[in-house]
Amino acid sequence: MHSSDEHRPHWSPPRLPIAILRTLLPRAERDEVIDDLTAEYAEHAAAIGRAGATRWLWAQALRSAPALLGWSWWRGWTGFEPRANAYRPGGSMLQNVRADARYAARRLRARPVYTLVAVITLALGVGGTAAVFGIARPLMFEPLPYANASEDGMFWMPGWWYEAEFSELRGRFPGFREVAAYRPADVTMRQGDAPARLVPGIASSVELFDVLGVHPYLGRGFHTGEDVRGAAPVAVISYGLWQELGGTPAVVGTRLTLDGTPTTVVGVMPRGFWFPDPSVRIWRPQP
């Protein structure tokens, strides 16, 4: 069985216009341009016949000859490329842009695999850049969502603070009006009969929101004594988590099962608030 391509006629362009163009074209681009013209001649010949395709090829050669001659003369006389590297120095910029666009379109159409790889590469690059910028923008470019951002500072020690250490120094940090301690404390959360899921969280002392100068959007923050052992477990959730839980004010006072312990939601933070990074969605007062 033979494919239909074997029965198509092979259209070869006339030699004289090709020879004229080959003489005038720069050596670096000669073969590529001639190959393009040969392929287009074959398409025209199949569509409108050999005579029409020949007239088209002669028109291309005659219209291109003056510009190519001027280009060759400029390069031979000065040793430099024409101004703006254009086929028509001093001509309309829009004409040059259109010519470049047509040439690029022909090259991409002639190389479909290369075109597909280029498009996929650009798409991955644009998508990756957008994702990185979406993460970096709130961290690096937007102001911190804290009222006391210009006054806040952070200090740490190797390893995490122990409860006894912080309790001993509480209220007696020289040079600081107020200090809060915090540490990462992701939790498994369950609401009703829904399956449990891991939620990024922070365990902190009750001073955290006062130090940051932020008030909850709904409900309240932490009260004194809620971060000591034996206190009733409470939590403040992020605006995004509140939306996932229904987005109603009635969420304040309800209970979520966090790490197997029923915990009362006492507050919802404002939209856009995050600490210490945008992934954290729940804060609990813990020793």
Side-chain angles (χ1 to χ4, degrees), residues 1-138 140-141:
M1 179 178 261
H2 299 282
S3 65
S4 58
D5 290 342
E6 298 181 4
H7 301 286
R8 293 179 182 174
H10 177 69
W11 305 103
S12 297
R15 296 181 179 180
L16 184 55
I18 292 295
I20 293 173
L21 291 171
R22 185 179 293 277
T23 302
L24 297 176
L25 284 166
R27 182 176 301 175
E29 302 171 359
R30 182 180 300 158
D31 293 339
E32 191 170 15
V33 174
I34 294 300
D35 289 344
D36 281 347
L37 286 171
T38 301
E40 289 197 52
Y41 176 85
E43 293 179 4
H44 282 77
I48 60 177
R50 182 183 291 274
T54 300
R55 287 194 297 271
W56 169 84
L57 182 60
W58 271 109
Q60 296 295 316
L62 295 177
R63 282 202 297 263
S64 303
L68 291 173
L69 282 170
W71 188 20
S72 300
W73 173 83
W74 175 272
R75 292 185 64 186
W77 184 60
T78 64
F80 296 97
E81 293 286 344
R83 287 181 294 276
N85 198 27
Y87 285 100
R88 298 180 181 180
S92 168
M93 183 176 69
L94 184 59
Q95 291 179 350
N96 294 331
V97 171
R98 283 202 300 262
D100 290 341
R102 288 197 298 268
Y103 177 75
R106 290 200 305 269
R107 301 308 302 160
L108 291 175
R109 184 177 60 187
R111 294 174 170 84
V113 175
Y114 171 82
T115 302
L116 179 61
V117 172
V119 170
I120 293 175
T121 302
L122 287 173
L124 292 174
V126 171
T129 302
V132 170
F133 182 74
I135 297 173
R137 184 179 62 182
M140 302 179 63
F141 301 107

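Because only heavy atoms are used, hydrogens play no part in the values below, and waters and symmetry mates are left out as well, while side chains stay in. Keep in mind that what you see is a predicted model, and the values were worked out from it rather than measured.
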| message | Let me confirm one number: the CD-CG distance from Gln60 to Asp36, rounded to the nearest 0.5 Å. | response | 11.5 Å
| Pair listing, side chain to side chain donor-acceptor pair (under 3.5 Å) test, anchored in residues 40-49, at least two apart | Glu40-Arg106, Tyr41-Thr54
| task | For Ile20 and Leu62, run side-chain contact (heavy atoms from CB on, under 4.5 Å): C-alpha distance rounded to whole Å, both residues' side-chain angles, the deciding distance at 0.1 Å, then the answer. | result | CA-CA 9 Å; Ile20 293 173; Leu62 295 177; 5.8 Å; no
| said: Could you report the tightest heavy-atom contact between Ala53 and Ala45, atom names first, then the distance? | reply: CB-N, 3.5 Å
| task | Output, in order, the C-alpha distance, side-chain angles, deciding distance and verdict of side-chain contact (heavy atoms from CB on, under 4.5 Å) for Val33 and Leu21. | result | CA-CA 9 Å; Val33 174; Leu21 291 171; over 6 Å; no
| said: So for atom OH, which belongs to Tyr103, do other residues, nucleotides or ligands contribute more than 12 heavy atoms lying within a distance under 6.0 Å? | reply: yes
| request: Identify the two heavy atoms, one from Thr115 and one from Arg109, that lie closest to each other, and give their separation to 0.1 Å. | output: OG1-N, 4.5 Å
| query | Can you check whether Pro13 reaches Leu37 side chain to side chain, under 4.5 Å on heavy atoms? | reply | no
